[in-house]
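Quick note on labels: first sequence line is chain A, next is B, and so on, each numbered from 1. Here the structure is a predicted model, which means the values were calculated and not measured.
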There are 2 protein chains.
Amino acid sequence: MTYSDKLISYYKTIANDCVLGVSLDCVIFGFHDTRLKVLLLRWKGTDEWCLPGGFICKTESVDDAAGRVLHERTGLNELFLQQFHLFGEANRYDREDTWQRQKMPMPFSGSWPDRTISMGYYALVDYTKVTPTADFLSDVCGWFDVGELPSLLYDHCRIIHVALQTLRLQLNWQPIGLNLMPEKFTIPELQRLYEAVLGRPLDSRNFHKKITGLSILTRLDERRTGKAHKSPYLYQFDLPNYQRALVNGNLIFV
Amino acid sequence: MTYSDKLISYYKTIANDCVLGVSLDCVIFGFHDTRLKVLLLRWKGTDEWCLPGGFICKTESVDDAAGRVLHERTGLNELFLQQFHLFGEANRYDREDTWQRQKMPMPFSGSWPDRTISMGYYALVDYTKVTPTADFLSDVCGWFDVGELPSLLYDHCRIIHVALQTLRLQLNWQPIGLNLMPEKFTIPELQRLYEAVLGRPLDSRNFHKKITGLSILTRLDERRTGKAHKSPYLYQFDLPNYQRALVNGNLIFV
DNA sequence: ACAAAAGTGTTTAAACTACACCCATGA
DNA sequence: TCATGGGTGTAGTTTAAACACTTTTGT
């Protein structure tokens, strides 16, 4: 059975079990080494990348489908996952161009619709806990700097940019720190995250004052050592206070 | 040809021309007599109401489809129209209960999917310019106070509540005043709008100070007369300054 | 000892909150 | 003349922004 045969069989299964004409794409954000990252898949046999995505089973809620895709690609459950935009243009991308770059005949026969509406989700995950896992259509799954994206199929470049815009807007009301940071972290590391999302530097004294003033962090006795400078304290989130601050809309950094 | 026959033919046309399994629902907000209103349709031959909605033509963008539905129901073009949530649960509502209340056999035959995903849009319109117009499935189209909704089909009650929540959150960054107010209005009238959306009273002195301080309003020489008290000045939005304030995120009333 | 980042406090300006009286109008 | 809501200012408090030096650590 050739790959092309397998592909046709794969799409037949999808057409049978899933809602046709609707897909979802997940922009999975992580944070590592002062950079905001996004998880991408490399299309088999090409140098083209795309977002993790999938279809919605006939008896499955769309949010659950997004959770499933995310679990399959990262190994994580109970992620912070949020709808952000429905990409519903009749001609979202240049189909000819994409097929050519995908280097394979797309098995679009009778039942397959000739336009797909895609729901965009973004997820915030702890980079250190993710096991990037490719899917049937891809051979590599890996992280990319949001500022240094490779060649992307479909309209996925636009989807990432809309996700990033949304993330910036929601920085103040969403538990972005909690979901993107590892369990223990230093205040300067958290500041790097906010700077990476906002795309501009913040004043360390004001940041420190603000973040500690919210009482959402607990300072541990440990410190992060090993660098040629003063060892910063490690902190972790105080969950009850964090939730409270979110509800009250206090997590503001403009 | 009975209504039931027409209905079957109607759904056949939809199944032929539109994307199957996806619909859209529009929560159309207006403002009148100090109250926030929403436009509803009465299902033919029943006392049940629902949101204006529709399907997406095969070659139409989803946003355009929402604009079309809105134009058909209100007579307005170029409305402020915004995606707010995808309602994608596999069992969004009790189907048996809904069919019974709709008092008609739903023509769900072979090609009709047994679950529908619906994209929620909200629109802000000038109440005074709207000509409510029923559609094929409804016999009445009219405004309701968001606080006094009638019996609603499907999950439309939930959809309205999610729309309202979104509207509250977006009050600060969306041109809500501009779209919901008539061309000329008084500052107390605008304050009533903000109070209606926020659901709580605002201090008139602070409101006046704030709104005039933004330089987004032009005071006209006219005043609104006819009431047994001091006649308030009429204002209109200064569009260039309004846009600027929106971009800068200055339209905040918490 | 040096380089590199962490930790910390004050001052100033802007924004927000609370609060009360007089005025114009129509009944 | 009375009832109703419109118009307006100030003081106190809170919040944000700007800004620099000392400490710790590893090399």
Side-chain angles (χ1 to χ4, degrees), chain A residues 32-35 171-173 177 181 184-196 198-236 245 248-254, chain B residues 31-35 171-173 177 181-182 184-196 198 200-236 245-246 248-254:
Chain A
H32 180 66
D33 192 23
T34 79
R35 300 298 181 84
L171 185 57
N172 300 330
W173 297 272
M181 298 304 283
K184 297 175 182 182
F185 54 89
T186 70
I187 289 187
E189 283 162 7
L190 184 61
Q191 184 181 335
R192 296 294 105 71
L193 166 60
Y194 274 84
E195 290 173 335
L198 291 171
R200 64 187 171 80
L202 298 172
D203 181 277
S204 66
R205 286 162 292 187
N206 291 337
F207 186 85
H208 192 281
K209 205 187 314 170
K210 180 104 188 205
I211 201 86
T212 53
L214 293 169
S215 331
I216 57 172
L217 298 181
T218 310
R219 192 167 91 171
L220 306 175
D221 286 333
E222 290 174 79
R223 294 202 259 173
R224 173 142 6 255
T225 56
K227 293 278 174 59
H229 53 74
K230 196 170 182 175
S231 309
Y233 285 98
L234 285 168
Y235 288 79
Q236 60 188 19
N248 298 337
N250 286 337
L251 299 188
I252 300 183
F253 291 91
V254 185
Chain B
F31 180 65
H32 180 66
D33 193 23
T34 79
R35 300 300 181 82
L171 185 58
N172 300 333
W173 297 271
M181 299 303 285
K184 298 174 182 181
F185 54 88
T186 69
I187 289 188
E189 284 162 7
L190 185 60
Q191 185 180 335
R192 296 295 103 71
L193 167 61
Y194 275 83
E195 290 173 335
L198 292 172
R200 63 186 173 79
L202 299 172
D203 181 276
S204 66
R205 285 163 293 189
N206 293 337
F207 185 85
H208 191 283
K209 205 187 314 171
K210 179 103 188 204
I211 201 85
T212 52
L214 293 169
S215 331
I216 57 172
L217 299 181
T218 310
R219 192 167 92 170
L220 307 175
D221 286 332
E222 289 173 80
R223 294 202 260 175
R224 172 139 11 253
T225 56
K227 292 279 174 60
H229 53 74
K230 196 169 181 175
S231 309
Y233 286 98
L234 286 169
Y235 288 79
Q236 61 187 20
L246 269 181
N248 299 338
N250 287 336
L251 300 188
I252 300 184
F253 291 90
V254 187

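Look at CZ on Phe207(A): it is 15 Å from C1' on dA16(D), rounded to the nearest Å. Rounding to whole angstrom units, CD of residue Glu222(A) and C1' of dA6(C) are separated by 17 Å. Across the protein-nucleic acid pair, Arg219(A) atom CZ and dG7(C) atom P stand 8 Å apart, rounded to whole Å. dA5(C) atom C1' lies 14 Å from atom CZ of Arg205(A), rounded to whole Å. In this entry the distance linking NZ of Lys210(B) with C1' of dG9(D) reads 18 Å, nearest Å. In this structure, the CG atom of Asp203(B) is 11 Å from the C1' atom of dC16(C), given to the nearest Å. Here dG7(C) presents its P atom at 12 Å from CG of Leu190(A), a figure rounded to the nearest Å. Protein atom OH of Tyr233(A) is 9 Å distant from nucleotide atom C1' of dG7(C), rounded to whole Å.
Between His208(A) and the phosphate of dT8(C), there is a side-chain N or O to OP1/OP2 separation shorter than 4.0 Å. A close approach under 4.0 Å does not occur between any side-chain nitrogen or oxygen of Lys209(B) and OP1 or OP2 of dG9(D).
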Atom pairs and distances, side-chain donor-acceptor, residues 184-191 of chain A, under 3.5 Å, sequence neighbours left out:
unit_1    : atom_1 : unit_2    : atom_2 : d
Lys184(A) : NZ     : Glu222(A) : OE2    : 2.6
Thr186(A) : OG1    : Glu189(A) : N      : 3.2
Glu189(A) : OE1    : Thr186(A) : N      : 3.0
Glu189(A) : OE1    : Arg224(A) : NH2    : 3.1
Glu189(A) : OE2    : Arg224(A) : NE     : 2.7
Glu189(A) : OE2    : Arg224(A) : NH2    : 3.3
Gln191(A) : NE2    : Glu195(A) : OE2    : 3.0
Gln191(A) : NE2    : Leu202(A) : O      : 2.9

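Considering every non-hydrogen atom in both Ala196(B) and Phe31(B), the closest pair reads CB-CE1, 3.9 Å. Across Ser231(B) and Thr225(B), no two heavy atoms sit closer than the pair OG-CG2, 3.6 Å.
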Collect all protein-nucleotide pairs involving nucleotides 21-26 of chain D in which both atoms are nitrogen or oxygen and the distance is under 3.5 Å.
unit_1  : atom_1 : unit_2    : atom_2 : d
dT24(D) : O2     : Lys230(A) : N      : 2.6
dT25(D) : O4'    : His229(A) : O      : 3.1
dT25(D) : O2     : Ala228(A) : O      : 2.9
dT25(D) : O2     : His229(A) : N      : 3.0

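Across dA6(C), dA16(D), dG6(D), the shortest atom-to-atom separation from the side chain of Arg192(A) is found for dA6(C).
For the side-chain hydrogen bond (donor to acceptor under 3.5 Å, both in side chains) test, no residue two or more places apart in sequence or in another chain qualifies with Lys227(B). Listed by chain and number, the residues in a salt bridge (charged side-chain N to carboxylate O under 4.0 Å, His left out) with Arg219(B) amount to none (sequence neighbours excluded). Looking at residues two or more places apart in sequence or on another chain, you find no salt bridge (charged side-chain N to carboxylate O under 4.0 Å, His left out) involving Arg223(A). Partners of His32(A) by ring-ring contact (aromatic ring centres under 6.0 Å, His included), not counting sequence neighbours, listed by chain and number: Tyr127(A).
The backbone N or O of Arg205(B) lies less than 3.5 Å from a partner atom in the side chain of Asp203(B), making a donor-acceptor pair.
Of the inter-residue distances, the one linking Leu234(B) atom CG with Leu217(B) atom CG reads 11.5 Å to the nearest 0.5 angstrom.
Between the axis at the start and the axis at the end of the helix from dA1(C)-dT27(D) to dA27(C)-dT1(D) there is an angle of 10°, using five pairs per end and rounding to 10 degrees.
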